[in-house]
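The chains referred to below are lettered A, B, ... by the order of the sequence lines, with proteins before strands, and numbering in each begins at 1.
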Amino acid sequence: MARKILCVAEKPAIARAVATHLSGGSFQTHAIRGNQYVKNYEFDFNFGGPWGDCSVTMTSVIGHLTGLDFERQYKGWMSCPPGSLFEAPVQESVDKDKLAIAENIRNQARYSKALFIWTDCDREGEHIGSEVRNQAKAGNARIEVKRAKFSNTERAHVLRAAREPVELDEFQANAVAARIELDLRIGAAFTRLQTLQLQAVVAALKEKVISYGKYRSGSSKIMTHASTGSCQFPTLGFVVDRYLRVKNFKPETFWSIKVMHQRERKKVNFLWKRVHLFDRAAVAMMLERCLMAKQAKVTKVNSKPKSKWRPLPLTTVDLQMMGSRFLRMDSQTIMKVAEALYTKGYISYPRTETDQFDKAIDLKKLVEKQYPDDSWGQYARDLIDGKFRTPRSGRHNDKAHPPIHPVCWVSQNQLNVNEKKVYEFVVRRFLACCSEDAKGQGTEIEIQYGEEFFHANGLIVLERNYLDVYVYDKWESSQQLPNFEKGEVFEPTEANIAEGKTTAPSFLTEPELIGLMDANGIGTDATMAEHIAKIKEREYVVVHQRGTGRTKVEELIPTRLGTALVEGYDNIVAGLSNSISLSKPFLRKEMELRMLEICAGTKTRQEVVQQSLDMYREVFIHTQRRIEMLKAACRKYLVE
DNA sequence: GCAAGGTC
């Protein structure tokens with residue numbers, strides 16, 4: 001009788017996709033008792049090597065199986081001082097709504113020789129894999145455990161993953177376990193402390209709109225507790241920081257000298273090398289000297305090739321930033337759509353930090369797959385006919401996933417509106433990566449006029465190359481400059497003094513915020529968008545629209561509550577010697593670095609949990625001691 | 001009633 005192998009994916013859609021490929025399309029589907037989404041797919045497959053022909057059950061979980069919580073006596077908000085949550089005993093248990101799924105795995109494991117884990121190949125996937133393994137071992141202690149490594153659900157890739165399994169990465173699973181414990185303890189301690197304390201303030205202001213309710217309900221119930229998630233707060237901090245810079249901005253007047261010369265019916269504007277100065281009298285005097293000199297002299301005529309570089313291979317953060325900018329979708333929507341495209345097998349795994357392609361990937365083959373497309377098929381053919389270039393390599397590599405790229409072509413009418421946009425972006429970006437840089441000729445003319453130097457720049461785009469497919473980048477020829485000879489002398493047509501004002505920075509936009517979060521290690525590429533959604537949901541920030549139509553920009557503005565919380569916490573920690581702030585990202589970044597140490601094997605899970613708790617406990621005690629400052633800030637902003 | 005991370 002054939003050996004039986006149990007395969008478990010992270011989500012039902014992947015289980016189905018993998019089952020389809022391994023079985024060649026013929027499998028039996030069985031519902032499981034107690035869950036309507038998870039199915040067991042049964043079929044035969046030859047794994048090769050020591051495994052050979054096997055009868056396979058492919059099933060899935062739905063994300064994490066287990067959750068961590070405090071033991072019963074610590075669950076009530078009044079049961080203990082919030083600070084004791086740093087030490088209170090915690091326990092892991094299978095979530096209520098996952099019991100049937102866990103049972104299914106135990107049952108299936110009982111008759112299986114081996115377990116193949118098919119969770120997503122990232123840190124969380126490794127942890128989910130360990131949860132699956134624990135259930136399987138509970139059903140069959142002797143089951144052998146393997147892990148399939150894959151980054152997309154294209155057929156050949158899946159077959160190879162099945163035949164070349166690796167081991168589960170315990171380090172990564174442990175890193176996630178550490179994160180889970182820290183997030184629970186720190187989040188619960190701060191949230192309880194702050195909510196219980198601020199309720200007193202808010203109760204005194206019951207006329208105000210701050211209502212208390214559930215935030216996860218999705219209903220129109222308005223916000224709830226002020227919480228101090230170690231991701232939400234730094235995220236809010238960025239928004240408030242920018243807001244205050246805008247609000248406190250005082251415009252300054254500056255002056256500059258503008259020189260214009262007309263030749264060959266073309267007007268050339270020369271820009272001042274000093275750009276501008278804040279002293280009108282000084283500028284006026286300099287202009288006077290120019291005019292006295294009458295003649296300007298051409299000191300430099302430079303004509304040199306210029307190029308505009310093709311983009312780097314696509315990462316998640318870049319997808320979200322570019323998406324917000326060009327596709328007019330918020331980052332959360334983009335990720336949902338990208339996830340759907342990945343599940344259907346059209347693009348590779350959309351959560352990646354890697355901006356360099358591995359040499360082993362056959363890029364040309366991927367380009368060829370785009371031949372059938374009406375819009376960019378011809379471009380793809382031109383690449384293969386000689387224009388193909390190896391993509392640039394960025395500096396990031398998460399060692400888990402390739403940059404986001406299309407794995408096969410899909411006809412537009414198989415996709416909905418948003419899917420079309422994101423798929424098109426991924427394809428165009430990929431083709432652009434495999435193209436030549438755009439080439440042009442740049443001209444720079446420098447003149448000396450009196451004591452001052454001025455310059456004019458011109459550009460002629462000669463070869464558009466990647467720009468032809470990557471319609472999101474703009475690089476246009478400027479008006480052509482008339483001829484100037486080095487050393488020639490002429491009298492400029494006009495020279496004036498021009499006045500301007502420094503302008504305030506604009507409020508933070510979502511793509512900017514994502515960039516800041518990424519640079520500071522707030523959240524994962526998968527969750528940044530959710531954190532932003534959450535601080536909106538909790539009414540720490542609101543979205544304002546500036547402009548209309550094509551120039552429409554959505555800006556993030558903190559609410560009074562948001563501002564109050566950040567100011568309150570900033571005041572609280574202002575006295576701390578090393579001045580760590582909850583609204584600043586350092587703590588979270590520190591934690592992320594420690595998780596990486598677990599992954600590298602240089603620190604244990606226990607060490608990291610202890611160190612991080614010590615660090616946060618210090619901030620907590622300090623907050624408790626100076627809680628009056630937080631209340632004061634709330635009074636200040638929430639009372640008229 | 002707390003977190004952040006998976007996914008339906």
Legend entry - Protein-nucleotide distance (A/M528, atom CE; B/dA4, atom P), rounded to Å: 14 Å
Legend entry - Nucleotide B/dT7, atom P - distance to CD1 of A/I14 in whole Å: 9 Å
Legend entry - Salt-bridge criterion met for A/D120 and A/K11 (N-O under 4.0 Å): yes
Legend entry - Greater than 12 external heavy atoms within 6.0 Å of A/Y41's OH: yes
Legend entry - Rounded distance in Å - CH2 (A/W77) to C1' (B/dA3): 11 Å
Inset, instruction - Please state whether the phosphate of B/dA4, meaning OP1 or OP2, lies under 4.0 angstrom from any side-chain nitrogen or oxygen of A/H64. - result: no
Inset, instruction - Could you check whether A/H127 gets within reach of a base, just the sugar-phosphate, or nothing at all, counting any heavy atom under 4.0 Å? - result: nothing
Inset, instruction - Give a yes/no on whether any side-chain N or O of A/R351 is located under 4.0 angstrom from OP1 or OP2 of B/dT7. - result: yes
Legend entry - Spacing of A/N35 atom CG relative to B/dT7 atom C1', expressed in whole Å: 11 Å
Inset, instruction - Please determine, for the side chain of A/F70, which listed nucleotide (B/dC2, B/dA4, B/dG6) has the closest atom? - result: B/dC2
Legend entry - Spacing of A/S348 atom OG and A/H157 atom NE2 [to the nearest 0.5 Å]: 9.0 Å
Legend entry - Per A/R179 side chain, nearest of listed nucleotides B/dT7, B/dC2, B/dA4: B/dA4
Inset, instruction - Describe the nucleic acid contact of A/E10 in one word from base, sugar-phosphate, nothing, applying a heavy-atom distance below 4.0 Å. - result: sugar-phosphate
Inset, instruction - Could you work out which one of B/dA3, B/dG1, B/dG5 sits closest to the side chain of A/D183? - result: B/dA3
Inset, instruction - Would you mind telling me which residue lines up with the more 5' stretch of DNA chain B, A/L68 or A/D95, judged by nearest nucleotide? - result: A/L68
Legend entry - pair A/R185-A/F70: side-chain heavy atoms closer than 4.5 Å: yes
Legend entry - Selection from B/dC2, B/dG6, B/dT7 that lies nearest to any side-chain heavy atom of A/D120: B/dT7
Inset, instruction - Return the nearest nucleotide to the side chain of A/P12; candidates are B/dA3, B/dT7, B/dG6. - result: B/dT7
Legend entry - For atom CD of A/Q36 and atom C1' of B/dT7, their distance in whole Å: 14 Å
Inset, instruction - Decide yes or no on side chain to side chain contact (heavy atoms under 4.5 Å, CB included) for A/L6 and A/L115, but give the supporting numbers first. - result: CA-CA 5 Å; A/L6 171 62; A/L115 165 71; 4.0 Å; yes
Inset, instruction - Please report, rounded to the nearest Å, how far the P atom of B/dG6 is from the CD atom of A/E339. - result: 10 Å
Inset, instruction - Look at all strands and tell whether A/L85 reaches a base, only sugar-phosphate, or nothing, counting heavy atoms closer than 4.0 Å. - result: nothing
Inset, instruction - May I have the distance from A/D122 (atom CG) to B/dG6 (atom C1'), rounded to whole angstrom? - result: 9 Å
Legend entry - Option among A/R133, A/R605, A/R147 that satisfies the salt bridge (charged side-chain N to carboxylate O under 4.0 Å, His left out) test with A/E170: A/R133
Legend entry - d(CG, A/L65; C1', B/dT7) in whole Å: 11 Å
Legend entry - 5' precedence on DNA chain B between A/I128 and A/M78 (nearest-nucleotide basis): A/M78
Inset, instruction - Pick base, sugar-phosphate or nothing for A/K98, based on heavy-atom distances below 4.0 Å to the nucleic acid. - result: base
